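These numbers come from a predicted model, not from an experiment. Heavy-atom basis, side chains included; hydrogens, waters and symmetry copies ignored.
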Amino acid sequence: MFRDSQHAWNPAPEEIKEWAYSNEMIPDQDWELAVNSFENIPMICTFVEDGECRHTSFFLSSLYVFTGDIVRGRKNKEIQRLNMLLDRIELTAKSEQLKAWIVRSKHLVQYPKTYTYAYWGLGSKYIY
């Protein structure tokens, strides 16, 4: 699917989508970091809510990592952008899993000192 591991770390949206519906194993360790971007989050949310997606847990975990990284980074512009993104996704979220991520993310943004890697880092306890 990916030419090499370096290419997997800069995946195009089409490649992420192809992998989402494949039986392939994760292309590289910590790949959540490669797929996460403000541009990809809406697409990732559709995978979380699609019963046909074969990697729902992976994508849900990547959402928690995304929020955790932004809040931990404490960059006001990114946090504002995350808030707007959460508000937009909340309007169409259907699954309880996605709604829980939104609620938890908004809480973390409001109370950043509650951040713990165990829940907002790779291998989130919210998922695994």
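- V109 and M84 fall into different hydrophobic clusters, where Ile, Leu, Val, Met, Phe, Trp and Tyr are joined by side-chain heavy atoms under 4.5 Å apart, directly or via other members.
- Atoms NZ and CG, on K75 and D69 in that order, are 10.5 Å from each other to the nearest 0.5 Å.
- A continuous path of hydrophobic side-chain contacts links Y128 to I44 [ILVMFWY only; heavy atoms under 4.5 Å].
- In this structure, the side chains of P11 and W31 come closer than 4.5 Å at one or more pairs of heavy atoms.
- Aromatic ring pairs are classed by plane angle as parallel below 30°, tilted from 30° to 60° and perpendicular above 60°; the pair F47 and F59 is tilted.
- E32 approaches L122 most closely through the heavy-atom pair OE1-CD2, 3.5 Å.
- Centroid-to-centroid, the aromatic rings of Y126 and W120 come within less than 6.0 Å.
- Comment: E90 engages K106 in a salt bridge, judged by a side-chain N to carboxylate O separation of less than 4.0 angstrom.
- Nearest heavy-atom pair, Y119 versus S124, reported as atom, atom and distance to 0.1 Å: O-OG, 2.6 Å.
- Across all non-hydrogen atoms, the minimal contact from T56 to D50 is OG1-O, 4.1 Å.
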Open item on the list: As a quick check of understanding, evaluate side-chain contact (heavy atoms from CB on, under 4.5 Å) for L63 and L98, giving each step before the final call.
Closed with: CA-CA 9 Å; L63 293 175; L98 193 58; 3.7 Å; yes
- [ ] Test E18 against R54 for salt bridge (charged side-chain N to carboxylate O under 4.0 Å, His left out), laying out the working first.
- [x] CA-CA 10 Å; E18 182 180 344; R54 303 203 182 250; over 6 Å; no
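- Atoms CG and OG, from L86 and S105 in turn, are 5.0 Å apart once rounded to the nearest 0.5 Å.
- Between the N36 side chain and the S62 main chain, a donor and an acceptor come within less than 3.5 Å of each other.
- To the nearest 0.5 angstrom, C53 atom SG is 10.0 Å from F58 atom CZ.
- Minimum interatomic distance between I127 and S57 (heavy atoms only, all atoms of both residues): CG2-O, 3.7 Å.
- Of all heavy-atom pairs between P13 and N40, the closest is CG-OD1, 4.0 Å.
- Taken together through direct or relayed side-chain contacts under 4.5 Å among Ile, Leu, Val, Met, Phe, Trp and Tyr, Y115 and V103 form parts of separate hydrophobic clusters.
- The two residues A20 and H55 have their closest heavy-atom pair at O-CD2, 3.5 Å.
- Between I41 and L82, every side-chain heavy-atom pair lies at or beyond the 4.5 Å cut-off.
- Residue I89 holds its CD1 atom at 9.5 Å from CD of E49, rounded to the nearest 0.5 Å.
- Taking SG of C45 as the reference point, atom CD1 of I102 lies at 6.5 Å (rounded to 0.5 Å).
- With rounding to the nearest 0.5 angstrom, the OG1 atom of T114 is 5.5 Å from the NE2 atom of H107.
- The side-chain tip of R104 does not point at the ring of Y64 from less than 6.0 angstrom away and within 45° of straight on.
- Ion pairing of E52 with K17 is absent here, as no side-chain N (NZ or NE/NH1/NH2) approaches a carboxylate O to less than 4.0 Å.
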